[in-house]
Protein chains: 2
Amino acid sequence: MDATRFFSILGHPVRLRALVLLQREGELCVCELTHALGLLQPVVSRHLALLREAGLVDAHREGQWMHYRLAPGLPSWQREVLEQTATALGGQEPYVSDAALLGEMPNRPGSRCCA
Amino acid sequence: MDATRFFSILGHPVRLRALVLLQREGELCVCELTHALGLLQPVVSRHLALLREAGLVDAHREGQWMHYRLAPGLPSWQREVLEQTATALGGQEPYVSDAALLGEMPNRPGSRCCA
DNA sequence: GTGATATATACTGTCAAGCGTATATACGTC
DNA sequence: GACGTATATACGCTTGACAGTATATATCAC
């Protein structure tokens with residue numbers, strides 16, 4: 001994936017918010033992202049598919065849940081850009097609220113406790 | 001300017017190439033950018049106008065020439081992203097050729113010698 | 001098998017980005 | 001003033017991204 005594509009992918013609010021959340025949390029399933037972002041499920045799913053096809057995130061199934069995380073094989077400069085961005089934006093809206101909504105979410109599947 | 005807008009601006013090849021060149025060279029006029037990028041003048045001019053309106057670059061006139069440079073007042077995380085990106089991409093195509101074409105350009109206005 | 005939940009995809013319409021072309025504006029020289 | 005060069009902008013067009021809705025697929029419980 002070339003750099004232009006990388007940036008154009010970050011240039012959409014839903015994807016950027018999802019990536020910042022993933023950077024923060026490590027791994028999240030679609031329903032967690034849908035809840036935290038406050039969006040319809042197909043919207044989130046489509047953007048995640050795009051991120052997956054671009055190689056920015058990895059997905060694996062765990063029961064009914066698809067878990068997404070930042071792709072470990074990402075070029076280092078891209079990972080650094082994501083880290084810097086998440087750090088710089090983490091304290092602002094809407095990223096704060098996203099994280100808060102995630103924290104308040106009931107019945108989170110939880111990759112560790114009930115997989 | 002929010003982060004999404006910032007990234008969507010980087011997500012266009014012409015703008016990214018122009019920004020990498022500006023990061024490298026410090027300051028360039030429109031005709032230098034047009035020559036280095038190998039594009040029609042209105043294309044370059046429109047993208048520069050967009051970068052200017054977004055606050056990513058500053059412009060000042062010097063005689064007939066408009067000189068552009070990265071905006072000094074850029075948020076530090078954005079400047080760092082640009083630096084990292086330019087460093088990571090500087091050795092690849094098309095950024096190498098852009099810089100080469102610029103170097104080979106005859107009759108460069110030159111901000112220092114003939115302003 | 002049926003039904004419930006989680007996720008992905010297909011379809012359709014809308015909207016905005018971008019390009020090529022032509023033209024306008026600004027500056028310098030005469 | 002006229003003319004040439006550098007740059008900016010306006011116009012018309014095309015194309016692709018995205019959303020909402022509906023539907024398909026996968027997994028689990030029974």
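Within every chain, numbering begins at 1; the chains are lettered A, B, ... in the order of the sequence lines, protein sequences first and strands thereafter.
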From the set [options], return the single nucleotide nearest to any side-chain atom of [X].
X       : options                : answer
A:Trp65 : C:dG18, C:dA6, D:dT7   : C:dA6
B:Val30 : C:dG28, C:dG18, D:dA8  : D:dA8
B:Cys29 : D:dT7, D:dA19, C:dT9   : D:dT7
A:Leu50 : D:dG20, D:dT7, D:dC18  : D:dC18
A:Pro42 : D:dA22, C:dG18, D:dC18 : D:dA22
B:Arg61 : C:dC19, C:dT7, C:dA26  : C:dA26
A:Gln64 : C:dT9, D:dT27, D:dA8   : D:dT27

Any chance you could lay out the side chain to side chain donor-acceptor pair (under 3.5 Å) test for A:Ser97 and A:Glu93, step after step, and finish with the verdict?
CA-CA 6 Å; A:Ser97 301; A:Glu93 288 301 339; 2.5 Å; yes
What is the distance, to the nearest angstrom, from the [atom1] atom on [X] to the [atom2] atom on [N]?
X       : N      : atom1 : atom2 : answer
B:Met66 : C:dT25 : CE    : P     : 16 Å
B:Ile9  : C:dG18 : CD1   : C1'   : 14 Å
A:Leu39 : C:dA8  : CG    : P     : 15 Å
A:Glu53 : C:dT7  : CD    : P     : 18 Å
B:Phe7  : D:dA17 : CZ    : P     : 19 Å
A:Glu62 : D:dC28 : CD    : P     : 11 Å
A:Arg52 : C:dT7  : CZ    : C1'   : 10 Å
A:Tyr68 : C:dA6  : OH    : C1'   : 11 Å

Pick the nucleotide of DNA chain D nearest each of A:Val14 and B:Leu48; which residue has the one closer to the 5' end?
B:Leu48
For B:Ala86 and B:Gln23, which heavy atoms make the closest approach, and how far apart are they?
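Closest approach of B:Ala86 to B:Gln23: CB-CG, 3.5 Å.
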Please give me the minimum heavy-atom distance between A:Arg5 and A:Asp2, naming the atom from each residue.
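Nearest pair, atom of A:Arg5 first, then A:Asp2: N-OD1, 2.8 Å.
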Whether A:Phe6 and A:Trp77 hold their rings parallel, tilted or perpendicular, with breakpoints at 30° and 60°
perpendicular
Distance-only donor-acceptor test, A:Arg46 side-chain atoms vs D:dG20 base atoms, 3.5 Å:
yes
Would you say the base of C:dA6 and the side-chain of A:Gln41 have a donor-acceptor pair closer than 3.5 Å?
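In this structure, the two groups form no donor-acceptor pair.
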Rounded to the nearest 0.5 Å, how far does CG of A:Leu28 lie from CG of A:Leu102?
5.5 Å
Within the structure, does a side-chain N or O atom of [X] lie under 4.0 Å from either OP1 or OP2 of [N]?
X       : N      : answer
B:His12 : C:dC19 : yes
A:His67 : C:dT7  : no
B:His47 : C:dA17 : no

Measure the shortest side-chain to side-chain distance between B:Tyr68 and B:Glu27 over non-hydrogen atoms and say whether it is less than 4.5 angstrom.
no
